Protein chains: 2
Amino acid sequence: MTVKKTARTEANAPEPVASDDRPVEARIRAVFDGLTASEKRLAEVVIDSQGDLAAFRAGELADRAGVSAATAARFFRRLGYENYDEARRAARTERNWGSPLYELTGIGERRLAAGDFGLHIAQDLQNLARTAEMMNPAALASAIDILVAARRLWIVGFRNSAALASYARGLLVHVKADVRLVPIAGQTLAEDLVGLRPDDAILVIGFRRRPSILREILALAGEAGARSVLIADLTADRTARLATVVLRCHNRGHSLFDSYAAPMSVLNHLCSAVGLALGEEAVNRLTEIERLHERLDPLDVGPVRRPAARRATSKWADAEK
Amino acid sequence: MTVKKTARTEANAPEPVASDDRPVEARIRAVFDGLTASEKRLAEVVIDSQGDLAAFRAGELADRAGVSAATAARFFRRLGYENYDEARRAARTERNWGSPLYELTGIGERRLAAGDFGLHIAQDLQNLARTAEMMNPAALASAIDILVAARRLWIVGFRNSAALASYARGLLVHVKADVRLVPIAGQTLAEDLVGLRPDDAILVIGFRRRPSILREILALAGEAGARSVLIADLTADRTARLATVVLRCHNRGHSLFDSYAAPMSVLNHLCSAVGLALGEEAVNRLTEIERLHERLDPLDVGPVRRPAARRATSKWADAEK
DNA sequence: GTCGAAATGAAAGGTTTCTTTCATCAGATG
DNA sequence: CATCTGATGAAAGAAACCTTTCATTTCGAC
């Protein structure tokens, strides 16, 4: 076999960098664009393993990615490791030594991308963590209940909250009928919200700055007997009093703009919970559709050629089931 | 004190309890007093591994404890596992289920809301952290530069990405002129994107599932000489090749839907950075306006009473600015 | 259409790891 | 002291794993 140019054969591994102690993720990023489709799937699996890489065997990773063990072996060599065992060892020490998120939340460690961006992310990590800490489980459950029980559902969001409202609606239409967005361009609120009834509900995204109309909408719903869920920042006060349930999110921004990472996360959870509560059947059907789509859709990674499950009797085949 | 010890030979393992799902530590505590000296040392090593048990081989644990591999094999059987591999698998799932991520995040013991929501938030913390770890500073700087230098800027987002695109646009219009959203309902793309020039740029939000039109748009921009920034998940491949700069976000969702907390955060940072780079004057002026607004606007927080509390007729029409 | 390069999985090969057997050793008991 | 019980490691044996080879497939170029 004549090895020339950049052909990648088994015999010609990239020259090993002397004492390369970059974490696995960094290595992946460094070569990601040059990876093959199979390898990219592997990369995803590895990253998804959330730092638990060392807990897996190469073959397991391969199975999860739907590729052969051989490809896995090649993959880790490509990442600059001598072999999988070295990768595993490295991952293990990374875990204990460098990478607990712990350090990330304690602002300003060097693991994050340098500079402003690191600070920014640290801020959002805090926003998420704080939001989670102060979330009232009862309120959350109640909110889910309201959305589940609603016959018709309006989602309201102005200004900064409009994008969030749109997002929420995009999720909820997957699991529920009769979900409407307010305001719709070109319509007046009167048209939008006509005929609110006691078995309807509204989901209000109310981050500052809240136009006063927001309170009027909430009051209107209250008068109509409809229940309301408000998602808002900590400054909401008068508005909050008008809602049946309030879920608060930390949204302090590190720089010019407020952050909506935590609201996004809360909305995601809320909609998932509603979907699950609405019956697994409906959801299963929908996720099934989703998966079907993914299979039919090129998905941008290229055709997924699954090798017939490597070994049906494999011990780990049922690990996650 | 003669304890009547049950003979323990290889052949006579304790009868396996049907589906014993106690964590490893609990098992150890349950039998600790009955362990031999070697086994106690092993037990200590296992506990010291802090849940990373799955990352070690039986032999390694034995080495650390200063005992033979044979003793290790016996030890795990004594803990009620069929063999070491079963123990390893159990430890791994414990990690994901029993002692969830948020203990790793250093937010502290028990402070996150319990249950599913905690797991959900933990997932998003991971998404954020991993996005930060993996972010290429050079790419980020380049993306900022492209957006700053753009004479006209289009923001593109379909499906799931539409809300994000809308959000990005909402931020960017604050700091830049000539920022347009694509697609706009009722217009064809041809109308939207007509006349792209080399000094224009497009910001593409491209999370899966990506319609093929996305690639066409990127190709179009490339042919026109306009630079492009793509924000996408890890599966973007063919699409990514068409963009000038790619910023990748982790968006794995804990439940039904993908998460967009990290993209939200990245967009926020990106827009802030663009704003800052565009000159402090402009930004200062804008933030000044912002603060002024806050002072004049009741903001829902203070006892400030609006003179005319009911001028709702047209007030919320200014939602965009 | 043909050719070649690249990618990939099946299978073989070689290595490591886990388990069991077995002999030794330590401590208790009579 | 002799004997017995149980713990323990060495080593053999078995099983699982990782790597490499090699044939096949895919994809693009000509």
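Here is how names work: the chains are called A, B, and so on, in the same order as the sequence lines, proteins then strands, and each is numbered from 1. Bear in mind the structure is a predicted one, so any value in this text is a computation, not a measurement.
Between the side chain of A:Arg92 and the backbone N or O of B:Ala55 there is at least one donor-acceptor pair closer than 3.5 Å.
Nearest to the side-chain atoms of B:Tyr84 among the listed nucleotides D:dT19, D:dG9, C:dC18 stands C:dC18. Across D:dG9, D:dT19, D:dA7, the shortest atom-to-atom separation from the side chain of B:Ala70 is found for D:dG9. Side chain of B:Thr71, nearest nucleotide from C:dT19, D:dT19, D:dG9: D:dG9. Here D:dT8 is the nucleotide among D:dT19, C:dC18, D:dT8 with the atom lying nearest to any side-chain atom of B:Ala37. The A:Val67 side chain lies nearest to C:dG9 when the options are C:dT8, C:dT21, C:dG9. Comparing D:dC18, C:dT21, D:dT20 by their nearest atom to the side chain of B:Arg74 picks out C:dT21.
Atom CZ in A:Phe75 sits about 15 Å away from atom P in D:dC18, given to the nearest Å. Atom P of nucleotide C:dC18 and atom CZ of B:Phe76 are separated by 10 Å, given to the nearest angstrom. Between the CD atom of B:Glu82 and the P atom of C:dT19 there is a distance of 10 Å, given to the nearest Å. In this structure, B:Phe56 places its CZ atom 18 Å from C1' of C:dC18, rounding to the nearest Å. Atom CZ in A:Arg77 sits roughly 13 Å away from atom P in D:dC18 (whole-Å rounding). Atom-to-atom, CD of B:Glu86 to C1' of C:dC18 comes out at 15 Å; the value is rounded to the nearest Å. We find that CG of A:Leu79 is positioned 13 Å from P of D:dT19, with the value rounded to whole Å. A straight line from CG of A:Asp63 to C1' of C:dG9 spans 12 Å, rounded to a whole angstrom.
At C:dT8, one or more side-chain N or O atoms of A:Ser38 fall inside 4.0 Å of OP1 or OP2 (strictly under the cut-off). Between D:dC18 and A:Arg88, no contact under 4.0 Å exists linking OP1 or OP2 to a side-chain N or O.
Remark: A:Arg88 pairs with no residue by the salt bridge (Lys or Arg N to Asp or Glu O under 4.0 Å) rule, at least two apart or across chains. Shown here are the salt bridge (Lys or Arg N to Asp or Glu O under 4.0 Å) partners of B:Glu44, two or more places apart in sequence or in another chain: there are none.
Between B:Tyr81 and B:Phe76, the two ring planes are tilted [angle within 30° to 60°].
Note on B:Ala58: only backbone sugar-phosphate atoms sit closer than 4.0 angstrom, heavy atoms only; bases stay farther off.
No side-chain N or O of B:Ser259 forms a donor-acceptor pair with one of A:Asn268 less than 3.5 Å apart.
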